[in-house]
Colleague: 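The structure's right below; bear with me while I get my questions together.
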Number of protein chains: 2
Amino acid sequence: MCSSFISAVSSSLIVGKAGPMVHTGACIAALLGQGGSKKYGLTWRWLRYFKNDRDRRDLITCGSAAGIAAAFRAPVGGVLFALEEMASWWRSALLWRSFFTTAVVAIVLRALVDICYSGKCGLFGKGGLIMFDVTSENVSYHLTDIPSVLLLGVIGGMLGSFYNFLLDKVLRVYNLINEKGPGYRILLACSISIFTSCCLFGLPWVAPCRLCPTDTTEACPTIGRSGNYKKFQCPPGHYNDLASLFFNTNDDAIKNLFSKDTDSEFYYISIIIFFVTCYFLGILSYGIVAPSGLFVPVIVTGAAYGRFVGMLMGSHSNLNHGLFAVLGSASLLGGSMRMTVSLCVILLELTNNLLLLPLVMLVLLVSKTVADTFNGNIYDLIMKLKGFPYLEAHAEPYMRQLTVGDVVTGPLQFFNGIEKVSNIVHVLKTTGHHGFPVIDEPPISDSPVLFGLILRAHLIVLLKKKAFLPTPELIGIDSLKLFSAGDFAKRGSGNGDRIEDIEVTEEEMEMFIYLHPFTNASPYTVVETMSLAKALILFREVGLRHLLVVPKISGVSSLIIFVNPTVTTAYVVMR
Amino acid sequence: MCSSFISAVSSSLIVGKAGPMVHTGACIAALLGQGGSKKYGLTWRWLRYFKNDRDRRDLITCGSAAGIAAAFRAPVGGVLFALEEMASWWRSALLWRSFFTTAVVAIVLRALVDICYSGKCGLFGKGGLIMFDVTSENVSYHLTDIPSVLLLGVIGGMLGSFYNFLLDKVLRVYNLINEKGPGYRILLACSISIFTSCCLFGLPWVAPCRLCPTDTTEACPTIGRSGNYKKFQCPPGHYNDLASLFFNTNDDAIKNLFSKDTDSEFYYISIIIFFVTCYFLGILSYGIVAPSGLFVPVIVTGAAYGRFVGMLMGSHSNLNHGLFAVLGSASLLGGSMRMTVSLCVILLELTNNLLLLPLVMLVLLVSKTVADTFNGNIYDLIMKLKGFPYLEAHAEPYMRQLTVGDVVTGPLQFFNGIEKVSNIVHVLKTTGHHGFPVIDEPPISDSPVLFGLILRAHLIVLLKKKAFLPTPELIGIDSLKLFSAGDFAKRGSGNGDRIEDIEVTEEEMEMFIYLHPFTNASPYTVVETMSLAKALILFREVGLRHLLVVPKISGVSSLIIFVNPTVTTAYVVMR
């Protein structure tokens, strides 16, 4: 019921399918990454190899790449989107894997298009691999067109950053409403959807009827659902240009705006109304409980904007309005998403117009640069709003002034090489940290030495399997024998055991666990005097979860600090 | 004279222009990176900001990207080439910068093409932005074509890896010859060039004359220098298909092979001869003292190979021979270069055929996978051969078994916070290391403490400027005042002062230098027990030059190890 409601709502909204597709792809990948779903019996043995952080992260990146590839039929663009926007930690292997993913997507897509070409699967087969084809044998633009394109880019950048600004504000309001419960969410979604519908059906009445052009190749007024000349309320032989934008799917609207040899089709008033409506409805539609993307709304809005600029230019420019629409989309995308290469390739794959590439690159550069002076890119804004603990790639200036030692706090929670069960249970229950340093103290070593890092999840496995020693002596038992690699596999989010669920009897509490076999003996460490900025770079570049801070070598006091980034506190003990 | 000789030689070889262009771009960037050339008066003040490792590396990456962008008129492909092949250390800022570079290239190119369109700059204006245009409204291929394409990919992968294998062997031989001196080099170049010329002019005699097709649009036999139907020795109304491949520039040959509706133009025997000749001449031409690329020879060879497969397929396939030629190039490129995304985009930008993308991706994947089972990619082979100290991105399995402590050797060369000039001079003269740890010992600190890392280059600057203290006491002098940031700027390769060039008098030898102000106080450090594999990853991901290895915290013995990767030895001292 919910999905049908959502689809009903979203069908009446200015929404895209890219966002949802990316989301879907990532979700499927995440599901695979946690070894399928036991609950629904969707699980395979071989999936267990992916049950670790790195593979899961890679899978999700590839999934999102596949999403873009499928949504826009832009395989290479998908890879680059994943590279530029999704992946916070990039490896060359990941490039190759995501390329493989999108290649499979491309081939399957092509095969399905091939099968559906006869039209037996509805609209899918239409258009083939290129969605908004604006191919033209020779796009003739000259140096004289550069200024107008630059202007387009500058204004597009401003509009894009303003789009982000408004979206940020709207999302804050929506969050307040959505927190009130599902009822409010549905109510919000419905109201937005009704409002949208009113706009879409009401506004075309504003536009006057136009006489059908005589020299057009396609039928006027349009027969069927998609076309350039919607009849709406007009008498025969007339069409309503605004209706032919509003009464289409977004894709068809984009097609109309991009299409060449239609310079005389649209009129200022209609384009302006369409632009303004899309601009604001696009912002309103995002963040409600319906799958509404960002890409397509921005593309359609930008197309209207570009078309408008093209009409203003009129005969002063060699570019036809369709190409201006493409550039307009590019400028608005660059202004809100702030991507360069990936947008460039996605647009290239969407429009299949290679000759336009230099102008598209120029527009993207200009609009991104202009927009960056105002605010951050849209994904960062949303991430901040959602409150995800996201570590920026670049270090803030103040971080150069701080050392790692300055940001850590105490007390340090650590375990000995042979630790009492009661201590472990107590620490796990009283702290939220995901990792703990293991320090060998006498009698294991002659003096306190940092042995390594052990994870909360692994400790919980140890407690669950009850790999206990009766005494702190190691009488040749090999606790590793009790475990298989699978026991330590990363669980799906929320599926991991919690310390509260584990019963430990009184006498077990008095027993010991030998931690060495289960400890990461070579964790990444930094000296306490390292600048915070450097530590941050280390974190981001190597893709760390935990970082141990060790003191300067000195005979007097040995200080061990443990920084846990996932929980943003750290702990110190002085010995 | 030399350049004219080189151009003369290379004009008669199966060579490309991509390699040289990339090289040129990188060289220009490197020149900028070292602040221009004082020798030729090509220097600007503002260039001094680039005089550091990171900016120079970025500049060179962008330069190579610009090279590809200019050579193939493929701006996006250039960025991806730089990302996938050139950059050993990738930052998001670099993506944006290289994109900017190639965008400028694209716009300038487009402007020049625009100016030269009338043909006043020779052949440059021809062809516009797309070099080998194989656009076709609808490329109709179906699932039935997949097997043949897969086969093409597999064989192409084998051919590609064999290409690498042979090139490796040939280059080893060439190195032996080239070492003998410039005379031998020129001799080698000449002999290869003569041999090539003999092949090119001799072989067409093998091919019989063909009757001109009646249904062709272009003149037959060809008038002018480039065309599909070269007359060569044939009577009027006839053409020699082999000559029309050999007597063209590589670009024109590729154009001919890629061109559609010419399925009946070429014959088995000619294509086979052409393929074999190019395959081996391409290998022979690389590594002599003429600028001979890798890309174009491989593309032309691959095109011949693909065309041949297409002819074998004949009517069994829906693809025309021109498209098979494109796929053949893709397979051979994938088999020798082993790149995926960048090759895909470069081919896309070269041929402007988006509909072929799924097949190109498929072929690239297959050929790369097949070839990877045999040997490494061509650039790695060449780099190994040249003996560059290149650190692989991935850790070898044995590295997981070793700790950093295992690979370091002694003795450690280090300096105190206040160090005697004579010691510094002695150490710099007796070792080749580029960095040294600075360790504070009594009286500066109560016990030995690692303060940081100081670079050889900076020490030499200190010695040159003679920032000496008469006594080891710090009587409030600020040695920093003597220096500006410019003094420590990275010099161009070979321009840096050498320790031998610095005179230090006897009494200065007895003086001291206070190193703290010039020391990097927060170098990256690892604990001696960290596995070598992890240390390697740290090196690669963070882009380090030096890595300090510190001992485990322990009261008994504190051990400081210093690993210097540029010199592949390391040093230990026990206290």
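On a predicted model such as this, the values are computed, not experimentally measured, just so you know. Chain A is the first sequence line, chain B the second, and so forth, proteins listed ahead of strands; every chain is numbered from 1.
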Colleague: Distance from A:Glu84 atom CD to B:Trp96 atom CH2, nearest 0.5 Å?
Modeller: 10.0 Å
Colleague: For B:Val341, is it the side chain, the backbone, both, or neither that has a heavy atom closer than 4.5 Å to a heavy atom of chain A?
Modeller: both
Colleague: Hey, which of A:Val345, A:Asn520, A:Ile107 has the most heavy atom pairs under 4.5 Å with chain B?
Modeller: A:Ile107
Colleague: Taking B:Arg338 as the fixed residue, which of B:Asp372, B:Asn377, B:Asp380 is the one that meets the side chain to side chain donor-acceptor pair (under 3.5 Å) rule?
Modeller: B:Asp372
Colleague: For A:Glu85 and A:Ser342, which I'm curious about, is there any donor-acceptor pair between the side chains at under 3.5 Å?
Modeller: no
Colleague: Heavy-atom cut-off 4.5 Å, strictly under: side chain, backbone, both or neither for B:Thr102 against chain A?
Modeller: both
Colleague: Who among A:Leu359, A:Ile146, A:Leu95, A:Val79 has the most heavy-atom pairs with chain B under 4.5 Å?
Modeller: A:Leu95
Colleague: Taking atom CZ of B:Phe100 as the centre, report whether more than 12 heavy atoms of other residues, nucleotides or ligands fall under 6.0 Å from it.
Modeller: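 Not buried by this count: 12 neighbours or fewer within 6.0 Å.
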Colleague: If you count heavy-atom pairs within less than 4.5 Å of chain B, which of A:Leu538, A:Ile537, A:Leu83 leads?
Modeller: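 Among the listed options, the one with the most contacts to chain B is A:Leu538.
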Colleague: With a 4.5 angstrom heavy-atom cut-off, could you sort out which part of B:Leu348 is near chain A: side chain, backbone, both or neither?
Modeller: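 Both parts, backbone and side chain.
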Colleague: Taking the inter-plane angle between the rings of B:His516 and B:Phe451 on a 0 to 90° scale, is it parallel (under 30°), tilted (30 to 60°) or perpendicular (over 60°)?
Modeller: parallel
Colleague: Is B:Asp145 in contact with chain A via its backbone, its side chain, both, or neither, using a 4.5 Å heavy-atom distance?
Modeller: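 For B:Asp145, there is no contact with chain A at all, as no heavy atom is under 4.5 Å.
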Colleague: What residue, out of B:Leu365, B:Val76, B:Val542, has the most heavy-atom pairs lying under 4.5 Å from chain A?
Modeller: B:Leu365
Colleague: Nearest 0.5 Å, what's the CD-CG distance between A:Glu541 and A:Leu536?
Modeller: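 Output value for this atom pair is 9.5 Å.
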